[in-house]
**Student:** 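Below you'll find the structure I mean.
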Amino acid sequence: MLIRRCAVLFVEPREDLDVDWAALFAGQGAIGATIQWVALAPHLGEEAIVDAAEVQALGAISLTLWQERATCESQFGAAVIARLLKQGLLLSDAPESAALRERDEVLRSQHWRPLSAALHMFSRWTDMRVDKGMQFPSFEELVDNYGTPPGPTVDRRNDGLSIALPQPERARLDDTLFQRYTNRNFDHSAVVPLATASRLLQRAFGSQGEKEMAPDAYVLKKLAPSAGGLHPTEVYVLAQRIEGIAPGLYHYQPVRHALEPLAEMAPSETEELALRMVADQDWFQPAPMLVVLVSRVERNFWKYRNHAKAYRALLLDAGHLSQTFYLLATEAGMPAFVTAAVNEIDIERALGLDPLKDMVIAVCGCGPASGAQNTVELHYEP
Ligand SMILES: Cc1cc2nc3c(=O)[nH]c(=O)nc-3n(C[C@H](O)[C@H](O)[C@H](O)COP(=O)(O)O)c2cc1C
């Protein structure tokens, strides 16, 4: 049997503090620390605990070349090799290793930068619920807990040499820019007109033209910038109340400007999914139209292979899209939101996505405001 190491692996010496309350009350040394090796292998998607002998084997077995299992066993011990194979940190050509080997192959095929793959796979949530008691902790509470925050600005020259700039003239974009805010009080029954939803999707995420840069190498022109012109961000729509569109999940096809139905749902099901997607932030759940931004990593990593900046570029791309979405929604008289506090794993399941290929980044949404101020919002006050 041949074996090799998984493609990407980081091993963290993690420390857990144990408080012995009885000893504490008895006035004795009460805090103990346990340190163990935590293996972070993105193709597994979950952490594994390893011991020092296993760390040593992992540090010595090639991730590229296949080696005889017996040779590795004689070097590191049969038990160590067996356990690492079982955990999927080592992979073999045997049928029982096929499923984990396939996950490792998927990871290899995408050209991830190792650190980025680990960061992505181990920063995803499932079934996370933001604690309602922590809902927008007031600044008073934050100051009580953490002291005053670092100031909102920094001065780099305080010697009278800064150059005072003229006040900007009013211009066309101003109305929209000044009206934009993050809405947290949506009208629970309002419907987004189809024409509005359509304009929003087309202008924020749609293609305004295609160009063949080299044989069979196409780029799209969109109204937001994208690293390398690759536009890797896919858009999925959770329609709760969009005129003429049955409640459910859709993929937005940016060239055909069409919604591809993925799952039709009852209104109660979209409500449940919306809430789960935004980690229980119930102030966002009633938005009639939610949009999930998902990076198709192979599109970006095709050019930016194993690239130190590629992961950042994907996040930045999504940020540009969300601001364009905000502005278009605002222009249409509907406030919007974006949140990064999302249950990526639940969203992947709902959309049938593989996190090694498709990176859920954020959820946006929009809809008419209720007019209430039950949850805090920041409006521009001239
Ligand atoms: C990347 C990102 C993540 C955000 N995540 C959340 C969030 O989880 N929950 C929330 O209520 N607002 C979220 N917001 C909205 C911000 O809280 C909001 O932009 C900020 O308070 C300023 O208010 P404004 O957008 O009304 O100007 C997020 C905004 C950004 C850009």
**Student:** Any sub-3.5 Å donor-acceptor pair from Ser370's side-chain atoms to Asn185's backbone N or O?
**Tutor:**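 Checking the backbone N and O of Asn185 against the side chain of Ser370, a donor-acceptor pair under 3.5 Å is found.
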**Student:** Does any N or O in the side chain of Gln110 come within less than 3.5 Å of the main-chain N or O of Leu107, such that one atom is a donor and the other an acceptor?
**Tutor:**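 Between the backbone of Leu107 and the side chain of Gln110 there is no qualifying donor-acceptor contact (under 3.5 Å).
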**Student:** Check whether any side-chain heavy atom of Leu63 sits under 4.5 Å from a side-chain heavy atom of Arg4, and report yes or no.
**Tutor:**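 They are not in side-chain contact.
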**Student:** For Arg312 and Asp317: C-alpha separation, side-chain torsions, deciding distance, then whether salt bridge (charged side-chain N to carboxylate O under 4.0 Å, His left out) applies.
**Tutor:** CA-CA 9 Å; Arg312 294 178 187 218; Asp317 268 25; over 6 Å; no
**Student:** Got more than 12 heavy atoms from elsewhere within 6.0 Å of CD, Glu272?
**Tutor:**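 No.
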**Student:** For Asn158, is there any backbone N or O sitting under 3.5 Å from a side-chain donor or acceptor partner on Asp155?
**Tutor:**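 Not confirmed, Asp155 side chain does not pair with Asn158 backbone.
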**Student:** Does Arg170 have more than 12 heavy atoms from other residues, nucleotides or ligands lying within 6.0 Å of its CZ?
**Tutor:**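 Atom CZ in Arg170 is packed in, count exceeds 12.
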**Student:** Side chains of Arg5 and Leu58, heavy atoms from C-beta outward: is any pair under 4.5 Å?
**Tutor:**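 The answer is yes, as the side chains (C-beta and beyond) meet within the 4.5 Å cut-off.
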**Student:** Could you list the donor-acceptor pairs under 3.5 angstrom formed between side-chain atoms of residues 38-50 and any protein atom two or more places apart in sequence or on another chain?
**Tutor:**
residue, atom, partner, partner atom, Å
His43, NE2, Gly88, O, 2.9
Glu47, OE1, Arg14, NH1, 3.0
Glu47, OE2, Arg14, NH2, 3.0

**Student:** How long is the straight-line distance from CZ of Arg180 back to CD of Gln323, given to the nearest 0.5 Å?
**Tutor:**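 Nearest 0.5 Å value for the CD-CZ distance: 5.5 Å.
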**Student:** Between Asn343 and Met277, is any pair of side-chain heavy atoms under 4.5 Å apart?
**Tutor:**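 No, their side chains stay 4.5 Å or more apart.
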**Student:** Hey, are Glu234 and Arg296 close enough for a salt bridge, meaning a charged N less than 4.0 Å from a carboxylate O?
**Tutor:**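 Yes, charged N to carboxylate O under 4.0 Å.
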**Student:** May I have the step-by-step check of side chain to side chain contact (heavy atoms under 4.5 Å, CB included) for Met289 and Ile245, ending in yes or no?
**Tutor:** CA-CA 11 Å; Met289 174 171 165; Ile245 304 288; over 6 Å; no
**Student:** Just checking, is any N or O donor in the side chain of Thr176 or Asp174 under 3.5 Å from an acceptor N or O on the other one?
**Tutor:**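 The criterion, which ignores hydrogens and geometry beyond distance, is not satisfied for Asp174 and Thr176.
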**Student:** Whether the side chain of Gln67 engages the backbone of Ile61 through a donor-acceptor N/O pair (distance < 3.5 Å, no angle test) should be reported.
**Tutor:**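 No; judged by distance alone, with no hydrogens or angles, the pair does not exist.
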**Student:** Treating Tyr311 as the side-chain partner and Trp112 as the backbone partner, does any N or O pair qualify as donor plus acceptor under 3.5 Å?
**Tutor:**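 No, because the side chain of Tyr311 does not come within donor-acceptor range (under 3.5 Å) of the backbone of Trp112.
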**Student:** Give the intermediate values and the outcome of salt bridge (charged side-chain N to carboxylate O under 4.0 Å, His left out) for residues Asp93 and Arg101.
**Tutor:** CA-CA 8 Å; Asp93 59 356; Arg101 201 172 59 233; 6.0 Å; no
**Student:** Pair Met334, Leu200 - check side chain to side chain contact (heavy atoms under 4.5 Å, CB included), show working.
**Tutor:** CA-CA 11 Å; Met334 291 186 313; Leu200 250 166; 3.8 Å; yes
**Student:** May I ask you to test the Phe186-Phe337 pair for a side-chain heavy-atom distance under 4.5 Å?
**Tutor:**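 Of all side-chain heavy-atom pairs linking Phe337 with Phe186, at least one is under 4.5 Å.
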**Student:** Any chance the side chains of Gln208 and Gln202 put a donor and an acceptor closer than 3.5 Å?
**Tutor:**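 Checked: Gln208/Gln202 side chains pair up, N/O donor to acceptor below 3.5 Å.
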**Student:** Could I get the full list of ring-ring contact (aromatic ring centres under 6.0 Å, His included) partners for Tyr304, not counting sequence neighbours?
**Tutor:**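 Once residues adjacent in sequence are excluded, the partners of Tyr304 under the ring-ring contact (aromatic ring centres under 6.0 Å, His included) criterion are His307.
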**Student:** What's the spacing between His120 NE2 and Leu356 CG if we round to 0.5 Å?
**Tutor:**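 Taking NE2 in His120 and CG in Leu356, the distance rounds to 7.0 Å.
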**Student:** Just so I know, are the side chains of Trp302 and Leu230 near enough to count as touching, which here means a heavy-atom distance under 4.5 Å?
**Tutor:**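 A side-chain contact exists here, since the closest heavy-atom pair is under 4.5 Å.
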**Student:** Could you check if a side-chain atom of Ile347 sits within less than 4.5 angstrom of a side-chain atom of Trp125, using non-hydrogen atoms only?
**Tutor:**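 No, their side chains stay 4.5 Å or more apart.
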**Student:** Once rounded to the nearest 0.5 Å, what's the spacing between atom CG of Leu259 and atom CG of Leu249?
**Tutor:**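 These two atoms lie 11.0 Å from each other.
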**Student:** Taking Lys222 for the side chain and Ser207 for the main chain, is one N or O donor matched with an acceptor at less than 3.5 Å?
**Tutor:**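 No, Lys222 side chain to Ser207 backbone: no donor-acceptor pair under 3.5 Å.
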**Student:** Looking only at side chains, do Ser138 and Glu141 share a donor and an acceptor under 3.5 Å apart?
**Tutor:**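 Present: a donor and an acceptor within the cut-off.
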**Student:** Taking Asn306's backbone N and O only, do any of them form a donor-acceptor pair with Arg113's side chain (distance below 3.5 Å, no angle check)?
**Tutor:**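 Yes.
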**Student:** Return yes if some donor-acceptor pair links the side-chain N/O of Gln253 with the main-chain N/O of Val255 below 3.5 Å, else return no.
**Tutor:**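 Yes, because the side chain of Gln253 sits within donor-acceptor range (under 3.5 Å) of the backbone of Val255.
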**Student:** Rounded to the nearest 0.5 Å, what separation is found between the CZ atom of Arg276 and the CE atom of Met128?
**Tutor:**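 With rounding to 0.5 Å, CZ (Arg276) is 12.0 Å from CE (Met128).
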**Student:** State whether a side-chain donor-acceptor pair under 3.5 Å links Thr182 with Glu377.
**Tutor:**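 Side-chain D/A pair, Thr182 to Glu377: absent.
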**Student:** Taking the side chain from Ser295 and the backbone from Val297, do they hold a donor-acceptor pair closer than 3.5 Å?
**Tutor:**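 Answer holds: no.
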**Student:** Drop me the distance from Asp282's CG to Thr375's OG1, to the nearest 0.5 angstrom.
**Tutor:**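 Between Asp282 CG and Thr375 OG1, I get 6.5 Å after rounding to 0.5 Å.
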**Student:** Anything under 30° is parallel, anything over 60° is perpendicular, the rest tilted; go ahead and classify Phe205 against Phe325.
**Tutor:**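 Taking Phe325 first and then Phe205, their aromatic rings lie parallel (interplane angle under 30°).
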